[in-house]
Amino acid sequence: MNDSIILMGIKHSGKSTQGRLLAKSLACSFVDVDDVIAEIAGQTPREIYTLHGEGSFMKWEEEACRRMATENVQKRLVIATGGGICDNAPALQVLRSMGRFIFLNVAENIAVNRILNKACLGEDGSWLGLPAYIAKENPQDESDIRAIFHEFYVKRIAVYSKIADIKIDISDKTKDENARLIAKAIGA
């Protein structure tokens, strides 16, 4: 096992933002699993999921992890995973061989507000820009989105907590303050 740092957490927990900052402070490379998927599949993770389904997406996610592992033997990386990596056992197995799982736990209200800030109501009354797991439930209003997210959040937090080597509670502080918190928690 090398000493890579694998960031996991719910969508909009700051994995990519914090990953870039952490990689810079550790003087190592940053890799976002979603970027690797897009590079090798020729489609974004959202496109794959929407057009080809969850099973296809999970295969691409596993392949992206395998490629990262193969191309970075004995290199320390900071890796940002997609929010659903916790449901992809083969991908997790590959990543486990690379380093430690760090769960960035963000408060429910912060995460759902970040999702709502990126969403908008389309002309036809449907919501645009929502994560697929929310959009497929056809929410009618903000309270529906919050209710769907709540149920999802509770389940996911339990899963991340079981998988993680280290759990870090991310607050609504600045990016730099959270980066220092993460660095301290991992002993960097």
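Treat the numbers as computed from the prediction; the structure is a model and nothing was measured. For reference, positions follow the sequence shown, starting with 1.
- Just one residue in the list I115, N117, T17 forms a side chain to side chain contact (heavy atoms under 4.5 Å, CB included) with H12, and that residue is I115.
- Looking at heavy atoms from C-beta onward, I182 lies in side-chain contact with I170 at the 4.5 angstrom threshold.
- Electrostatic pairing of E63 and K59 does not count as a salt bridge here, judged by no charged N lying under 4.0 Å from a carboxylate O.
- Counting heavy atoms from C-beta on, the side chains of F103 and I166 never come closer than 4.5 Å.
- Residues L92 and I85 form a side-chain contact, since some pair of their non-hydrogen atoms from C-beta on lies under 4.5 Å apart.
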- Could you go step by step and tell me if E47 and T50 meet the side-chain hydrogen bond (donor to acceptor under 3.5 Å, both in side chains) rule? CA-CA 5 Å; E47 289 169 335; T50 302; over 6 Å; no
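- With a 4.5 Å cut-off on side-chain heavy atoms, F101 and L7 do not count as touching.
- Counting only residues at least two apart or in different chains, salt bridge (Lys or Arg N to Asp or Glu O under 4.0 Å) contacts with residues 152-161 comprise D87-R156, E151-K155.
- For the pair D165 and R96, the salt-bridge criterion is met [side-chain N within less than 4.0 Å of a carboxylate O].
- In terms of the side chain to side chain donor-acceptor pair (under 3.5 Å) criterion, residue partners of N88 (sequence neighbours excluded) are, by chain and number, E61.
- Defined by atom type and a distance below 3.5 Å, a donor-acceptor pair is present between the side-chain atoms of R146 and N113.
- Y133 and F152 have parallel rings, their planes meeting at less than 30° on a 0 to 90° scale where 60° marks the start of perpendicular.
- One side chain, D124 or S126, offers a donor N or O that lies under 3.5 Å from an acceptor on the other.
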